Amino acid sequence: YWRDWSSDVCSSDLKAGPRPRASRDCRVRGSSTTSCDHGTPTQVRNYCPCVHKLRERRFVILAVATYWLIRLSAVVGTRPQLFQDSFGYLDEKLFGSPFRTWPVVLAYSLLSTNHLRVLVQTIIGCAAWSHLALTAPRTGRRGILLAVAVLTLGLSPAVTRFDSAVLSESLAISSCVFFVSLLIRDSLGTRRQPLLPVAWMLFVMIRPQHLLPGIAVGVIILGYRLLRRLDFRLTHVCYVIVGLLSLLQLSALSAVRDLNMYWIISTRVMSDSGRFSWWADHGMPVSEGIRYVNEFVIPASAVDDKVRRIISVPVGQDVPAIVDAGGTALARWVKKDAWGTYAMRVLSHPGETVDSLTRYLDTSLSSRVTTFLPPPERTTGPQYLFGTWQLLGASCLAGIATLAVAGRRQSAWTVILLLALTFALYSTSVLGSGIEVQRHAVTSAVMLRLAAVSAIMFVLSPNHRQGTEDPP
């Protein structure tokens, strides 16, 4: 009995034959599962890698289409949100103003109405997140779940609540996502991404807080190539040029730097007697009653004309009351020596600096406080979709350790680069802003999520599972 049974089983296995495997010239010539040359129709339907890839591709496309529908439906037919900062972006100067960077001003100047501006920046955001989602399937079978996770992250209110606002945050987040998506594709594939330097330039130039990382990357690449006496590739030249343009842009935005310094003095110096005495001892002019002005903010039009000849103030926007109370002496000091004194304070008081950075971790990187902007008319999902910075930071560190153990040094360094960018953006936003820190740090919060996504993609990629090195 057992001999006959085993003979029947073995003969049935031999008739079934081995499962088909993928080959390099494998193609699906149509939608029918029987059109692939990988065996019988049943085998093709159950095992053929071509059919599985086709199904995954269709599912991802459906998920992307659903994402576009949800995000666009949240802004179509709604009223654009205008704030005091919005009028600076609507300046008539095509290539920027003393208070705004040129990419946003240029984009808004090409569109005639605020409804059109909101719609276009939402479309750009949908395209950027879709580009990142379509990168996920390259990591293998689990890539389809990762693509859905990326699109779900792109629907969190911390991302979409800026779609209806005439501000730079929506375009800044989109440029960040597009840059990281190209960086991941550059690390995963054998082809270089020619648009990567362009995406980096747009990301750096789109907000003042992004300029310092752009300058730092340009200086690091330039110094490394010169010290090692290495030849410059075209991409290296592009990054150095972006660093130089960032330096020029930072110099052109002297007015916004001066205004930010007034906010820092007003919110962090005047409220503490010890800090006020330290700043006064290090050269800050102190006029009588400057610490006890009756109002916190005043309209820009109320500032004395003598002060306005020294400090440019934005039209139609409130400014700190100490701009007028400090007079021309404080204005000249802010223009010339204030940022040097502030840098000395940051470096000489590390405990105070660390306290300032840790104070806004939950409210900024986890976006638990959303009262700095009015809520949008329609929402796209619950806030918890954005996650917490502790969980995402742990995911990044675990991914770096896994990649390092597997010998994937290039992928590990890519995740480390994104974490360094996150820290640089967050530190610049917290230390360089006196008000609305949560809004200014939203790009760093998104960058932390993208660093975690990149770590997961690299760990799941076929190169990692096979234990091979990244392409050079």
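Owing to the predicted nature of the structure, the values given are computational and were not obtained by experimental measurement. Hydrogens, waters and symmetry mates are skipped; everything else that's a heavy atom, side chains included, is used. Throughout, numbering of the chain's residues begins at 1 and tracks the sequence.
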Report summary line: Residue set satisfying side chain to side chain donor-acceptor pair (under 3.5 Å) with S433, at least two apart, ordered chain then number -> H440
Requested in this report: Calculate, to the nearest 0.5 Å, the distance between atoms OH and OG belonging to Y89 and S109 respectively.
Outcome: 14.0 Å
Requested in this report: Grab the two heavy atoms, one from G399 and one from A455, that are nearest each other, plus how far apart they are.
Outcome: CA-CB, 4.2 Å
Report task. Quick one: pull up CD1 in I124 and OG in S170 and give me the separation to the nearest 0.5 Å. Result -> 8.0 Å
Query - Exam field: side chain S187 to backbone S411, donor-acceptor pair closer than 3.5 Å - result: no
Query raised in the report: Do side-chain atoms of S427 reach the backbone of A424 as a donor and acceptor pair under 3.5 angstrom?
Result: no
Query raised in the report: Considering all heavy atoms of both residues, which atom of S444 and which atom of T422 are nearest to each other, and what is their separation?
Result: O-CG2, 3.4 Å
Query raised in the report: Pick from L425, V437, L361: which one makes a side-chain contact (heavy atoms from CB on, under 4.5 Å) with V430?
Result: V437
Query - Listed once per pair and sorted, the ring pair (Phe, Tyr, Trp, His ring centres under 6.0 Å) pairs that draw on residues 115-134, sequence neighbours left out - result: H131-F178
Query raised in the report: Got a sec, which residues hit side-chain contact (heavy atoms from CB on, under 4.5 Å) with L111, two or more places apart in sequence or on another chain?
Result: L116, R117, V120
Query - Inter- and intrachain pairs under salt bridge (charged side-chain N to carboxylate O under 4.0 Å, His left out), touching residues 246-268, at least two apart - result: D258-K335
Report summary line: Here the gap from M447 atom CE to L392 atom CG, rounded to the nearest 0.5 Å, amounts to 13.5 Å
Query raised in the report: Around atom CH2 of W413, are there more than 12 heavy atoms of other residues, nucleotides or ligands at under 6.0 Å?
Result: no
Query raised in the report: Looking at residues at least two apart in the chain, or sitting in another chain, which of them share a side-chain contact (heavy atoms from CB on, under 4.5 Å) with L82?
Result: S86, N114, V166
Requested in this report: Verify whether one side chain among S130 and Y67 offers a donor that lies under 3.5 Å from an acceptor in the other.
Outcome: no
Report task. Only one of T122, D163, T160 passes side chain to side chain donor-acceptor pair (under 3.5 Å) with R71; say which it is. Result -> D163
Report task. For Y108 and L167, indicate whether the former's side chain and the latter's backbone hold a donor-acceptor pair under 3.5 Å. Result -> yes
Let me have the donor-acceptor pairs involving side chains of residues 259-266, under 3.5 Å, with sequence neighbours excluded, atom names and distances please.
unit_1, atom_1, unit_2, atom_2, d
N260, ND2, V256, O, 3.4

Report task. With sequence neighbours excluded, give me every salt bridge (charged side-chain N to carboxylate O under 4.0 Å, His left out) pair touching residues 381-391. Result -> none
Requested in this report: Under the side-chain contact (heavy atoms from CB on, under 4.5 Å) rule, collect the residues that match up with L431, sequence neighbours excluded.
Outcome: Y342, V346, T353, S356, L357
Query raised in the report: For residues S181 and T135, is any side-chain donor paired with an opposing acceptor at under 3.5 Å?
Result: yes
Query raised in the report: Which residues satisfy the side chain to side chain donor-acceptor pair (under 3.5 Å) test with Y360, sequence neighbours excluded?
Result: none
**Report entry** Pairs flagged by salt bridge (charged side-chain N to carboxylate O under 4.0 Å, His left out) wherever residues 411-433 is involved - sequence neighbours left out
**Finding:** none
**Report entry** Residue pair H210 / I206: nearest heavy atoms and the distance that separates them
**Finding:** ND1-CG2, 3.8 Å
Requested in this report: Sorted by first residue and then second, give each side chain to side chain donor-acceptor pair (under 3.5 Å) pair with at least one member in residues 214-223; sequence neighbours left out.
Outcome: none
Report task. Indicate yes or no: at least one non-hydrogen side-chain atom of Q249 is less than 4.5 angstrom from one of I215. Result -> no
Report task. Using the test salt bridge (Lys or Arg N to Asp or Glu O under 4.0 Å), find all partners of R207 that sit at least two apart in sequence or belong to another chain. Result -> E169
